[in-house]
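In what follows, a structure is listed as structure tokens, so that the remarks can point back to it.
Since this is a predicted model, take the numbers as computed values, not measurements. Letters A, B, ... mirror the listed sequences (proteins, then strands); counts begin at 1.
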Amino acid sequence: MDTQIFTEISLSEILVELLLMPVIAFLVGLVMVLWMRKIGARVQRRIGPPLFQPLYDVVKLFGKKTQVSHGVVHDIGIVMAMGGYIAAETLLPVPGMNGIAVYGGIITLTYLMMIPSLGLALGVGQCANPNGSIGISRALTAMLAYDIPFVIIVFGVAFHHETTNLVEIITQQQQAGIASWGAVQNPLLALAGLATLQGMLGKQPFEIYIAPAEIATGPMVEMSGKYLGGLFVMQAFQLYTAAVLYVSLFLGGGESWFELLAKSFVVVSIPMMIAFVFPRYRTEDLVRLFWKWPVMIGLLGVAFVG
Amino acid sequence: MKEIKVENRREGNILSRVFDELNEFCRARSLFILHYCTGCGAIELPPVMTSRFDMERLGVQPMVTPRQADILLITGYVSIKTLKRVMLTYEQMGSPKYVIGICSCTVNGGMYWQSYATAKKLDEYMPVDLYIAGCMPRPEAIISGLRSLIRNIELGESNNWKKYYENYDYYLGNQQKLFGDEWQTPVDVIGEAEHYGLVGEGTYGEHTEILQRVQQPLKPLEMRL
Ligand code: SF4
């Protein structure tokens with residue numbers, strides 16, 4: 001294994017990366033939200049929102065004159081929901097900024113990606129709204145459902161590349177060309193990964209915990225103003241993280257920003273295309289489905305990892 | 001009811017003015033609707049949202065709880081029982097908030113003006129920003145109404161939500177007339193007005209005195225399995 005990826009990193013570089021990576025992730029995430037809403041609109045034969053709509057939404061929500069807080073834990077929960085992803089962004093290797101990611105690794109990243117859901121659970125708990133509690137319990141159950149295949153996939157990929165270092169995984173794929181991409185080498189894992197992605201982004205048919213008409217958007221039910229704004233920001237981060245992680249694991253990452261973004265946008269389009277032609281599964285069906293098919297495909301994929 | 005002068009937006013230093021402008025600009029372009037479908041007028045909303053008229057291109061999208069919404073859309077006649085729920089909903093919304101009354105029934109009771117069980121004029125109970133009259137208005141009318149609300153917000157002319165705080169006594173009085181003197185909501189409107197500096201001449205009065213006399217403190221819900 002070549003150890004050249006562990007280069008020296010200076011303090012100023014660390015600071016620049018800490019600041020720049022979340023900002024880039026946020027901006028790209030906003031474009032992804034727009035992209036997602038545009039696809040949804042086109043599938044439904046509508047025109048869809050204008051170009052800067054996600055930005056307008058966030059600015060408006062943070063600029064509301066009255067803000068309703070339900071207590072300290074409510075505030076902390078939202079900060080955790082955003083903070084978990086902000087921390088995760090710095091560990092996601094992107095072209096030109098690998099300094100911190102080299103020392104992180106995929107296991108740490110997996111842990112960080114669970115923090116937002118837990119933070120949300122805390123915050124929603126204090127709102128004491130029954131719809132919110134139902135929503136968050138469904139959301140955590142869904143997390144349990146898709147995290148099992150997710151861990152299997154991560155394990156399989158790490159086994160294939162014989163490392164848990166994301167930078168190393170990407171470098172290996174880039175050096176050997178398309179034939180060595182995760183999607184070509186381990187198509188089964190990539191397939192299970194797509195299903196997991198759908199669950200992770202909470203898109204139909206796995207969006208029972210949001211269910212606007214039944215439990216009034218579940219976890220978001222009591223969120224107003226800056227709290228909802230925080231969740232919008234979180235959604236932008238979430239799209240970016242999930243897409244870039246998938247690209248890193250299976251599509252060879254990106255040697256340039258253009259390549260990375262092009263691949264990521266293709267990846268986020270897939271769940272959206274699927275989402276709008278499906279109704280939703282009930283929670284128990286969701287768990288059953290996730291623990292059956294993606295887990296089976298994933299385990300089969302692990303068995304064939306060479 | 002006394003006229004209330006619209007607050008002059010162009011105050012403060014340059015930075016805060018730029019920020020206010022940006023805020024106003026974004027607020028006009030991102031409106032979350034809570035549609036309280038009370039009457040028959042609601043039937044015209046699905047075409048407004050879906051592919052024929054698509055209100056998302058104006059930045060307007062449906063939301064499902066009062067906390068998240070900016071616009072409260074009342075679509076038709078409001079019975080007295082419904083009005084209580086409408087008031088609860090309205091008070092929970094975060095300001096700045098806007099109320100749109102769709103249908104003639106919200107303007108003056110429409111064909112229910114003789115009914116004993118219908119609240120006739122919506123703006124006696126909450127400040128209404130825009131009426132879209134008609135029995136029932138077509139989707140085109142709703143879209144053009146939304147457009148004029150957007151224009152008003154951008155020009156800073158839609159500040160009716162402040163009236164509710166500044167004239168709370170008037171609105172509360174009308175509510176008490178319908179619901180009786182025991183009427184109270186979980187939202188402490190006077191407290192909010194004081195907190196956000198929105199106390200006006202009409203905030204306190206004889207009706208708020210009644211409220212303060214009968215008001216029961218909110219108790220946490222009992223936890224039961
Ligand atoms: S104005 Fe006409 S359509 Fe609208 S609620 Fe009244 S009766 Fe129904």
Exercise: identify the closest heavy-atom pair between [X] and [Y]:
| X | Y | result |
| --- | --- | --- |
| Ser51(B) | Arg45(A) | CB-O, 3.1 Å |
| Ile47(A) | Asp54(B) | N-OD2, 2.9 Å |
| Phe232(A) | Met63(B) | CZ-CE, 4.2 Å |
| Arg46(A) | Met49(B) | CD-O, 3.6 Å |
| Lys60(A) | Ser30(B) | CD-O, 3.1 Å |

Checking heavy-atom separations under 4.5 Å from chain A, one finds in residues 65-86 of chain B Thr65(B), Arg67(B), Gln68(B), Ala69(B), Asp70(B)
Heavy-atom pairs under 4.5 Å with chain A, option from Ser95(B), Pro96(B), Gly59(B) with the top count = Ser95(B)
Mind ranking Ala216(A), Ala41(A), Pro49(A) by heavy-atom pairs under 4.5 Å with chain B and telling me who comes out on top?
-> Pro49(A)
So which of Val58(A), Asn131(A), Thr217(A) has the biggest tally of heavy-atom pairs under 4.5 Å with chain B?
-> Thr217(A)
Arg29(B) backbone acceptor or donor facing Gln53(A) side chain under 3.5 Å = yes
Are Val59(A) and Phe25(B) side-chain neighbours, meaning at least one heavy-atom pair lies under 4.5 Å?
-> no
Counting only heavy atoms closer than 4.5 Å, note whether Val221(A) contacts chain B via side chain, backbone, both or neither.
-> both
